[in-house]
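Worth saying up front: this structure is predicted, and the values here are computed from it rather than measured. The figures that follow rest on heavy atoms only: side chains count, while hydrogens, waters and symmetry mates do not.
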There are 2 protein chains.
Amino acid sequence: MSQVHAFPKPGHNHARCTADALRKAEAVCAARKSRLTEIRRDVLETVWQSHVPVGAYDILSHLNENGGKTAPMAVYRALDFLMENGLVHRIASLNAFIGCAHMGEEHHAAQFLICHSCGTTAELESAPLKRALTQAVSERGFTIDSQIVEISGTCPHCRAA
Amino acid sequence: MSQVHAFPKPGHNHARCTADALRKAEAVCAARKSRLTEIRRDVLETVWQSHVPVGAYDILSHLNENGGKTAPMAVYRALDFLMENGLVHRIASLNAFIGCAHMGEEHHAAQFLICHSCGTTAELESAPLKRALTQAVSERGFTIDSQIVEISGTCPHCRAA
DNA sequence: AGGTATAATGTGATGTTATAACATATACAA
DNA sequence: TTGTATATGTTATAACATCACATTATACCT
């Protein structure tokens with residue numbers, strides 16, 4: 001029986017999400033012998049400040065809040081590293097980035113639910129959807145390299161409110 | 001039995017695609033009492049020059065090839081109009097635009113196959129995929145407003161070559 | 001420890017995509 | 001024909017992303 005992932009609740013203990021994420025990231029990097037340097041860790045931490053995707057320049061502003069002088073390139077490089085290591089996803093429809101909720105685990109695909117009311121974005125992670133997609137695509141003689149599934153709408157919590 | 005749409009062949013008579021598209025666009029606009037003005041028609045025609053998505057600034061260059069002085073804003077406004085009327089789609093992963101292959105028809109969803117070898121991009125239009133998606137999303141209590149499905153890979157013709 | 005290759009970061013300029021804000025022109029209905 | 005809505009023109013700027021090259025840090029081999 002497949003587990004249906006819950007959409008992040010408005011009042012959840014988010015400090016825990018962040019702490020878990022950083023811990024997992026350390027583990028993933030250790031396992032892959034990737035180096036989670038200071039700037040990469042800072043960027044990851046910034047991305048994890050919420051479940052709302054953040055733009056690269058927002059991350060930059062956050063890093064420079066206390067007089068820092070990090071350049072855009074540094075942020076993009078850190079984001080590239082984090083994406084290569086499966087720690088962060090890019091949301092193409094928003095030109096923004098979000099922490100990966102399944103670091104180190106097998107990943108069906110990058111499938112996202114984006115609430116345009118509160119901005120909260122969650123991974124959908126549906127195996128049936130993945131299968132339907134694979135099937136439809138291969139029927140057409142096409143070979144998949146990568147995919148984007150981004151669904152905008154209203155999350156259960158905003159809908160209730 | 002459902003019709004599986006063919007991926008555009010390299011040597012097809014593309015003049016016909018364009019002519020068909022412009023004719024359909026006229027019909028759609030007439031039916032909706034939308035005005036397909038000169039610049040909008042020019043942009044649509046430019047987008048239809050191939051089955052490869054074009055960037056807004058490429059469209060702009062094309063419009064200005066013979067000394068014109070159209071501004072970016074005009075192109076974006078035309079694209080907005082064309083998208084509102086279902087004549088053009090935006091490919092988020094490429095920041096580019098492509099003519100809609102199903103103007104005026106019922107549309108399952110914006111689902112695209114993007115060949116990263118030749119650039120050719122086609123609408124997938126799979127009902128089972130749409131169903132799987134709707135199902136997965138509603139299970140999570142989420143209400144869909146819009147969706148993006150963009151699949152990158154190799155098209156049958158490039159794969160054969 | 002020292003040398004050297006590789007990886008990471010710094011730095012400045014520039015490229016690319018998209019929108020804001022306000023002025024002007026055009027269509028078309030009353 | 002004149003008012004109103006729609007469309008376009010114009011200038012500036014915002015927002016997102018990369019190039020190219022210099023410098024520094026780290027790993028790892030001897």
Side-chain angles (χ1 to χ4, degrees), chain A residues 25-26 28-47 52-64 67-85 87-98 114 119 121 148 150, chain B residues 25-26 28-30 32-47 52-64 67-85 87-98 114 119 148 150:
Chain A
E26 304 275 10
V28 167
C29 287
R32 303 183 47 152
K33 303 201 192 307
S34 290
R35 292 171 50 207
L36 189 61
T37 60
E38 191 181 354
I39 188 167
R40 290 165 177 175
R41 198 181 193 282
D42 288 350
V43 168
L44 183 61
E45 202 167 349
T46 304
V47 160
V52 178
V54 249
Y57 279 77
D58 292 335
I59 295 169
L60 185 63
S61 305
H62 185 254
L63 296 189
N64 287 339
K69 46 185 193 306
T70 304
M73 197 64 238
V75 172
Y76 281 104
R77 284 197 280 230
L79 288 168
D80 284 346
F81 168 89
L82 294 169
M83 286 190 288
E84 275 164 16
N85 287 275
L87 307 178
V88 156
H89 294 292
R90 179 182 153 81
I91 307 295
S93 58
L94 301 175
N95 293 326
F97 304 84
I98 192 160
I114 305 166
T121 294
I148 292 173
E150 294 175 15
Chain B
E26 303 274 12
V28 167
C29 288
R32 302 184 48 153
K33 303 204 192 308
S34 290
R35 291 169 51 206
L36 189 61
T37 60
E38 191 181 354
I39 188 167
R40 289 167 177 174
R41 199 180 193 283
D42 288 351
V43 168
L44 183 61
E45 204 166 349
T46 303
V47 160
V52 178
V54 249
Y57 281 76
D58 292 334
I59 295 169
L60 185 62
S61 305
H62 185 254
L63 296 189
N64 288 339
K69 46 186 193 304
T70 304
M73 199 62 240
V75 172
Y76 281 103
R77 284 197 280 232
L79 287 168
D80 284 345
F81 169 88
L82 295 168
M83 286 189 289
E84 276 165 15
N85 288 274
L87 306 177
V88 157
H89 294 292
R90 181 182 152 80
I91 308 296
S93 58
L94 302 175
N95 292 327
F97 303 84
I98 192 161
I114 305 166
I148 291 173
E150 294 175 14

Atom-to-atom span, [atom1] of [X] to [atom2] of [N] - whole angstrom:
| X | N | atom1 | atom2 | result |
| --- | --- | --- | --- | --- |
| B:Tyr57 | D:dC16 | OH | P | 14 Å |
| A:Lys33 | D:dT26 | NZ | P | 18 Å |
| B:Leu94 | D:dC16 | CG | P | 18 Å |

**Report entry** Check: A:Leu87 and A:Cys29 side chains under 4.5 Å, non-hydrogen atoms
**Finding:** yes
Report task. Measure the shortest side-chain to side-chain distance between B:Arg90 and B:Ile98 over non-hydrogen atoms and say whether it is less than 4.5 angstrom. Result -> no
Query raised in the report: So, A:Thr121 side chain and A:Gly119 main chain: donor-acceptor pair closer than 3.5 Å or not?
Result: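 Checked: pair present.
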**Report entry** Contacts of B:Asp80 that satisfy side-chain contact (heavy atoms from CB on, under 4.5 Å) - sequence neighbours left out
**Finding:**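 By the side-chain contact (heavy atoms from CB on, under 4.5 Å) rule, B:Asp80 matches B:Met83.
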**Report entry** Partners meeting side-chain contact (heavy atoms from CB on, under 4.5 Å) with B:Val75 (sequence neighbours left out)
**Finding:**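 Counting only residues at least two positions away or on another chain, B:Val75 forms a side-chain contact (heavy atoms from CB on, under 4.5 Å) with B:Ala56, B:Ile59, B:Leu60, B:Leu63, B:Thr70, B:Leu79.
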Could you list, one pair per line, each protein nitrogen or oxygen that sits under 3.5 Å from a nitrogen or oxygen of nucleotides 7-9 of chain D, together with the distance?
unit_1 : atom_1 : unit_2  : atom_2 : d
D:dA7  : OP1    : B:Arg40 : NH1    : 3.2
D:dA7  : O5'    : B:Arg40 : NH2    : 3.4
D:dT8  : OP1    : B:Thr37 : OG1    : 2.5
D:dG9  : N7     : B:Arg77 : NH2    : 2.6
D:dG9  : O6     : B:Arg77 : NH1    : 3.2
D:dG9  : O6     : B:Arg77 : NH2    : 3.4

Query raised in the report: Passes side-chain contact (heavy atoms from CB on, under 4.5 Å), A:Val88 versus A:Phe81? Steps please.
Result: CA-CA 9 Å; A:Val88 156; A:Phe81 168 89; over 6 Å; no
Sequence neighbours left out, cut at 3.5 Å: what donor-acceptor pairs do the side chains of residues 38-45 of chain A make with other protein atoms?
unit_1  : atom_1 : unit_2  : atom_2 : d
A:Arg40 : NH1    : A:Arg35 : O      : 2.7
A:Arg41 : NE     : A:Glu26 : OE2    : 3.1

**Report entry** Qualifying residues under salt bridge (charged side-chain N to carboxylate O under 4.0 Å, His left out), relative to A:Glu150, sequence neighbours excluded
**Finding:**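 If we apply the salt bridge (charged side-chain N to carboxylate O under 4.0 Å, His left out) test to A:Glu150, skipping adjacent residues, there are no hits.
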Report summary line: Counted 5' to 3', the first and last nucleotides of DNA chain C within 4.0 Å (strictly under) of a heavy-atom of chain B are C:dT17 to C:dA27
